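To keep things clear, I will list the structure first and then write my remarks on it.
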Amino acid sequence: MFNIPEHYKTNVKLALKDFIPKDLKPDDKKRIKDTVKEVRLMYQITGEEIPSVINNEYRCEVIQFYDMELQSIKAASYLASVYQNLIKPLCIFHMYDSQYELYSFAVKRLNQTDDNQIVIEDSILTENYPVGLLDDGRNRLLEYLDYMQIKNKTNKINLYKEWYYRTYMIMNESAYSNTERILDGNGWYDSEHMELLYTYYKKLVDTRGMLKKAITGTEKMNLNKEIKKVIQNIDTYMM
């Protein structure tokens, strides 16, 4: 997965009975049992080769990568929501059935009122990619998420966020014509720079979504003005 170095590989099959939390409702337990065929913990980025982050906002000492084989990829959204909220470390799920595969990401931080709990700040599922067939979309995603292409490995949070931001931009590439310049650029070395750039990018995607739903001419005019302004911000911030 993502050409992660072999020394992080675990490839441990997890017993499904241990992977279904005991405190879930009976209906949820049954749904997971009926849907999940196999789960493997494929990689764990641990140790301090890439520094951990432990402060008031994060407690990040590991990034985990799971393979989850499903009866049907249709359950992926539900399972991603359940497990990204249950698993405290930052993690990436590769989910697949006999026909399709996708990836799940979620940026997490500590709950400020209870540091034993986590809060999902952002999450994303990629589109479905056909299993066993050539696919330009999947190839493009994997190219840009390749471990050797990730530029900011100053700590585990920055590493994961770069994976996340790249994925989000690729999934929403049509929103901004110069996305490839961001993906290929060196702004990734500056985490604060990329955090702000991602914020602008997300606002652009959201505003374009609102424009599609707008009804009145006034709404459309105001939203188009906002889109133009956000694009100018992104263009300026890329310089």
Side-chain angles (χ1 to χ4, degrees), residues 1-2 4-5 7-8 10 12 14 18-19 21-24 28 41-66 77-94 103-126 144-145 147 149-172 182-183 185-206 230 233-234 237-238:
M1 190 186 295
F2 306 160
I4 296 169
H7 62 275
Y8 292 127
T10 54
V12 175
L14 305 178
D18 298 329
F19 200 67
K22 294 180 174 59
D23 56 351
L24 282 183
D28 289 318
L41 177 60
M42 296 301 297
Y43 296 89
Q44 286 200 117
I45 295 180
T46 57
E48 296 306 307
E49 179 181 353
I50 299 173
S52 300
V53 178
I54 301 175
N55 54 34
N56 292 333
E57 191 173 5
Y58 298 105
R59 187 180 297 148
C60 181
E61 299 177 87
V62 60
I63 301 174
Q64 297 179 326
F65 301 79
Y66 292 90
S77 179
Y78 165 75
L79 293 168
S81 177
V82 169
Y83 282 103
Q84 289 288 11
N85 278 281
L86 284 173
I87 297 174
K88 292 179 182 179
L90 294 172
C91 58
I92 297 170
F93 281 96
H94 170 230
Y103 295 88
S104 161
F105 299 77
V107 177
K108 309 173 186 182
R109 62 170 173 79
L110 294 175
N111 186 317
Q112 295 303 294
T113 58
D114 182 358
D115 61 10
N116 288 315
Q117 302 296 322
I118 56 101
V119 174
I120 302 289
E121 292 185 318
D122 281 309
S123 64
I124 191 172
L125 279 179
T126 68
Y144 278 110
L145 299 190
Y147 185 86
Q149 297 298 320
I150 301 301
K151 296 179 178 178
N152 196 333
K153 300 185 180 82
T154 53
N155 62 54
K156 293 182 178 73
I157 296 292
N158 289 337
L159 168 60
Y160 189 92
K161 283 187 174 182
E162 183 169 339
W163 266 319
Y164 184 94
Y165 294 162
R166 284 176 177 271
T167 301
Y168 183 88
M169 290 177 184
I170 291 170
M171 291 300 98
N172 296 281
I182 301 176
L183 295 170
N186 291 321
W188 301 101
Y189 289 109
D190 185 336
S191 58
E192 292 184 3
H193 173 95
M194 290 312 301
E195 189 123 12
L196 183 55
L197 193 56
Y198 164 72
T199 300
Y200 285 140
Y201 201 104
K202 191 172 188 298
K203 185 174 183 179
L204 177 61
V205 172
D206 291 344
V230 177
N233 286 335
I234 296 175
Y237 209 65
M238 283 178 56

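On a predicted model such as this, the values are computed, not experimentally measured, just so you know.
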Take L197 and I234 through the test side-chain contact (heavy atoms from CB on, under 4.5 Å) and record every step on the way to the result.
CA-CA 7 Å; L197 193 56; I234 296 175; 3.8 Å; yes
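- When side chains are defined from C-beta on, V62 does not count as touching I45, because their heavy atoms never get closer than 4.5 Å.
- For the residue pair T46 and E61, no side-chain donor N or O sits within less than 3.5 Å of a side-chain acceptor on the partner.
- Residues that satisfy the side chain to side chain donor-acceptor pair (under 3.5 Å) test with N155, not counting sequence neighbours, are absent from this structure.
- Atom OH of Y200 sits about 4.5 Å away from atom CG of N233, to the nearest 0.5 Å.
- Across L41 and T10, no two heavy atoms sit closer than the pair O-OG1, 2.5 Å.
- Side-chain contact annotation: D122 with Y198, donor-acceptor N/O pair under 3.5 Å present.
- Judged by distance alone, the side chains of Y66 and Q64 do bring a donor and an acceptor atom under 3.5 Å apart.
- Contact detail for L90 and A106: the closest heavy-atom pair is CD2-O, 3.7 Å.
- Looking at S81 and L79, their side chains never come closer than 4.5 Å, going by heavy atoms from C-beta outward.
- Surrounding CG of D23 are more than 12 heavy atoms belonging to other residues, nucleotides or ligands, all under 6.0 Å away.
- At least one side-chain heavy atom of F65 sits less than 4.5 Å from a side-chain heavy atom of F2.
- Around the CD atom of E48, the shell of radius 6.0 Å holds more than 12 heavy atoms that belong to other residues, nucleotides or ligands.
- Side-chain contact check for Q117 and K88: no donor-acceptor pair (N or O, by modelled atom type) lies under 3.5 Å.
- Residues W188 and H193 have side chains not in contact (no heavy-atom distance under 4.5 Å, counting atoms from C-beta outward).
- Atoms CD1 and CD1, on I150 and I50 in that order, are 10.0 Å from each other to the nearest 0.5 Å.
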Stepwise side-chain contact (heavy atoms from CB on, under 4.5 Å) test for Y78 and D28
CA-CA 10 Å; Y78 165 75; D28 289 318; 2.8 Å; yes
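- Under the 4.5 Å side-chain criterion, counting only non-hydrogen atoms from C-beta, D206 is not in contact with L204.
- Side-chain atoms of M194 and Y189, non-hydrogen and from C-beta on, never get closer than 4.5 Å to each other.
- Ring centroid separation for the pair F19 and Y83 comes in under the 6.0 Å cut-off.
- For the pair N158 (side chain) and T154 (backbone), a donor-acceptor distance under 3.5 Å is absent.
- By the side chain to side chain donor-acceptor pair (under 3.5 Å) test, K161 is found to be paired with Y58, E195, residues two or more places apart in sequence or in another chain being considered.
- Of the possible donor and acceptor atoms, none in the side chain of S104 sits under 3.5 Å from a partner among the backbone N and O of L125.
- Judged by distance alone, with hydrogens and angles left aside, the side-chain atoms of Y164 form a donor-acceptor pair with the main-chain N or O of S123 at under 3.5 Å.
- Side-chain atoms of Y160 come within 3.5 Å of backbone atoms of C91 as a donor-acceptor pair (strictly under, hydrogens ignored).
- Proximity of a side-chain donor or acceptor of N172 to a complementary backbone N or O of Y168 within less than 3.5 Å is detected.
- With salt bridges taken as basic N to acidic carboxylate O contacts below 4.0 Å, none links R109 and E57.
- The 12-atom threshold is exceeded at NZ of K151, counting heavy atoms of other residues, nucleotides or ligands nearer than 6.0 Å.
- How far CD1 of I54 is from NZ of K156: 9.0 Å, rounded to the nearest 0.5 Å.
- To the nearest 0.5 Å, atom CG of residue N152 and atom CG of residue D190 are 8.5 Å apart.
- Taking 4.5 Å as the limit, every side-chain heavy atom of N111 sits out of range of all side-chain heavy atoms of I118.
- Note that the OG atom of S191 and the CD atom of E162 stand 10.5 Å from one another [nearest 0.5 Å].
- Separation of the Y144 and W163 ring centroids does not fall under the 6.0 Å cut-off.
- Shown here for L183 and R166, the closest heavy-atom pair between the two residues is O-NH1, 3.2 Å.
- Rounding to the nearest 0.5 Å places CG of N56 at 8.5 Å from CG of L110.
- Using a 4.5 Å cut-off on side-chain heavy atoms (C-beta onward), H7 and E49 make contact.
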Verify side-chain contact (heavy atoms from CB on, under 4.5 Å) between K108 and Q84, making sure each step is shown before the conclusion.
CA-CA 9 Å; K108 309 173 186 182; Q84 289 288 11; 3.2 Å; yes
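- What you find for F105 and T126 is that their closest heavy atoms are CE1-CG2, 4.3 Å.
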